[in-house]
Amino acid sequence: QVQLVESGGGLVQPGGSLRLSCAVFSGLTSDYYNIAWFRQAPGKEREGVSCDSSSDGRTYFADSVKGRFTISRDNTKNTVYLQMNSLKSEDTTVYYCAAVARVGRRGCTIKGYEYDYWGQGTQVTVSS
């Protein structure tokens, strides 16, 4: 059983920053999993934002957030972070983290069907 809990969402002005956290609760430590962040607005398709590969440290970012978002992890805390800078109104939506066991995988992907475990989401609102 793997449980993911996101936190850190909230209201921020355009140009501001937020750091989202994804806490991994599992019988195994977070370094066993590749972790990704997705977002989905009502009525829109889910969008992959970023991922972090535990096996080789590779990361990936969607073009829409490249240069503004970074992803990192602290396996001692079983937590993965999404640092979001220079936020725009179009970043407003619910953000979800997802996990998949890293065994047999190289790199990571932001394709949702690749992930087995999902959090409940945290709302990010960028508005003045």
Side-chain angles (χ1 to χ4, degrees):
Q1 184 77 10
V2 178
Q3 184 178 10
L4 306 177
V5 179
E6 302 96 334
S7 61
L11 173 65
V12 64
Q13 293 186 341
S17 299
L18 280 176
R19 188 178 77 161
L20 305 184
S21 298
C22 174
V24 180
F25 297 93
S26 166
L28 301 169
T29 57
S30 58
D31 63 355
Y32 185 76
Y33 302 98
N34 288 351
I35 303 291
W37 287 93
F38 296 84
R39 62 188 184 185
Q40 186 170 20
K44 294 189 176 181
E45 290 189 0
R46 181 174 58 200
E47 177 189 10
V49 175
S50 179
C51 66
D52 178 86
S53 170
S54 180
S55 60
D56 56 18
R58 278 188 266 182
T59 59
Y60 183 84
F61 297 90
D63 288 343
S64 57
V65 305
K66 201 170 293 183
R68 300 188 297 124
F69 290 11
T70 59
I71 189 169
S72 61
R73 62 169 70 213
D74 184 344
N75 291 324
T76 65
K77 297 181 179 180
N78 287 331
T79 301
V80 176
Y81 304 99
L82 184 69
Q83 177 68 44
M84 306 186 297
N85 300 326
S86 303
L87 283 162
K88 307 174 182 179
S89 58
E90 51 262 45
D91 295 317
T92 295
T93 188
V94 180
Y95 286 72
Y96 302 86
C97 65
V100 65
R102 64 176 174 85
V103 175
R105 297 176 184 271
R106 293 182 181 180
C108 61
T109 174
I110 55 172
K111 297 176 181 177
Y113 60 80
E114 294 280 352
Y115 291 84
D116 296 325
Y117 310 102
W118 292 80
Q120 83 289 347
T122 186
Q123 175 70 44
V124 170
T125 302
V126 184
S127 175
S128 55

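FYI, side chains are in, hydrogens and waters are out, and symmetry mates aren't considered; it's all heavy atoms of this structure.
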Over 12 non-hydrogen atoms of neighbours within 6.0 angstrom of CD in Glu45: no

Are Val2 and Leu28 joined in one hydrophobic group, where the rule is that I, L, V, M, F, W and Y side chains link up if heavy atoms are under 4.5 Å apart? yes

Given Leu4 and Val24, is the side chain to side chain contact (heavy atoms under 4.5 Å, CB included) satisfied, shown in steps? CA-CA 5 Å; Leu4 306 177; Val24 180; 3.8 Å; yes

Rounded at 0.5 Å granularity, tell me how far CG in Leu11 sits from CD in Gln123. 10.0 Å

Would you give the length of the straight line joining atom CD of Gln83 to atom OG1 of Thr70, rounded to the nearest 0.5 angstrom? 5.5 Å

Let me confirm one number: the OH-OG distance from Tyr33 to Ser26, rounded to the nearest 0.5 Å. 2.5 Å

I need the Ile71 CD1 to Thr59 OG1 distance, nearest 0.5 Å. 7.5 Å

Verify the distance criterion only: is there a donor paired with an acceptor across the side chains of Ser53 and Ser55 at less than 3.5 Å? yes

Going by side-chain hydrogen bond (donor to acceptor under 3.5 Å, both in side chains), name the pairs with one or both residues in residues 16-25, residues two or more places apart or in two chains. Ser17-Asn85

Less than 4.5 Å apart, any side-chain heavy atom of Val124 and any of Val94? no

same_hphob_cluster(Val49, Val12) at 4.5 Å side-chain heavy-atom cutoff: yes

Side-chain donor or acceptor of Thr122 paired with backbone N/O of Ser7 under 3.5 Å: no

Validation row: Trp37, Val80 side chains within 4.5 angstrom (heavy atoms): yes

Judged by atom type as modelled, is there a donor-acceptor pair below 3.5 Å linking the side chain of Asn78 to the main-chain atoms of Thr29? no

Would you call Leu20 and Met84 a side-chain contact if the rule is heavy atoms closer than 4.5 Å? yes

Main-chain N/O of Thr93 paired with Gln40 side-chain donor or acceptor, under 3.5 Å: no

Say you draw a straight line from CG of Leu87 to CD of Gln13; how long is it, rounded to the nearest 0.5 Å? 11.5 Å

All N/O donor-acceptor pairs, side-chain side in residues 95-112, below 3.5 Å, sequence neighbours left out:
from	atom 1	to	atom 2	distance (Å)
Tyr95	OH	Arg39	NH1	2.8
Tyr95	OH	Asp91	O	2.7
Arg102	NE	Asp31	O	2.7
Arg105	NE	Ala101	O	3.1
Arg105	NH1	Glu114	OE1	3.1
Thr109	OG1	Lys111	N	3.1

If you round to the nearest 0.5 Å, how far is CZ of Phe38 from OH of Tyr115? 5.5 Å

For the student: nearest non-hydrogen atoms of Ile35 and Cys22, plus distance: CG2-SG, 4.5 Å

With Lys66, which residues qualify under salt bridge (Lys or Arg N to Asp or Glu O under 4.0 Å), at least two apart? Asp63

Short question: side chain of Ser50, backbone of Tyr60 - any donor-acceptor pair under 3.5 Å? yes

Looking only at non-hydrogen atoms, find the nearest pair between Pro14 and Ser127 and report the distance. CD-C, 3.6 Å

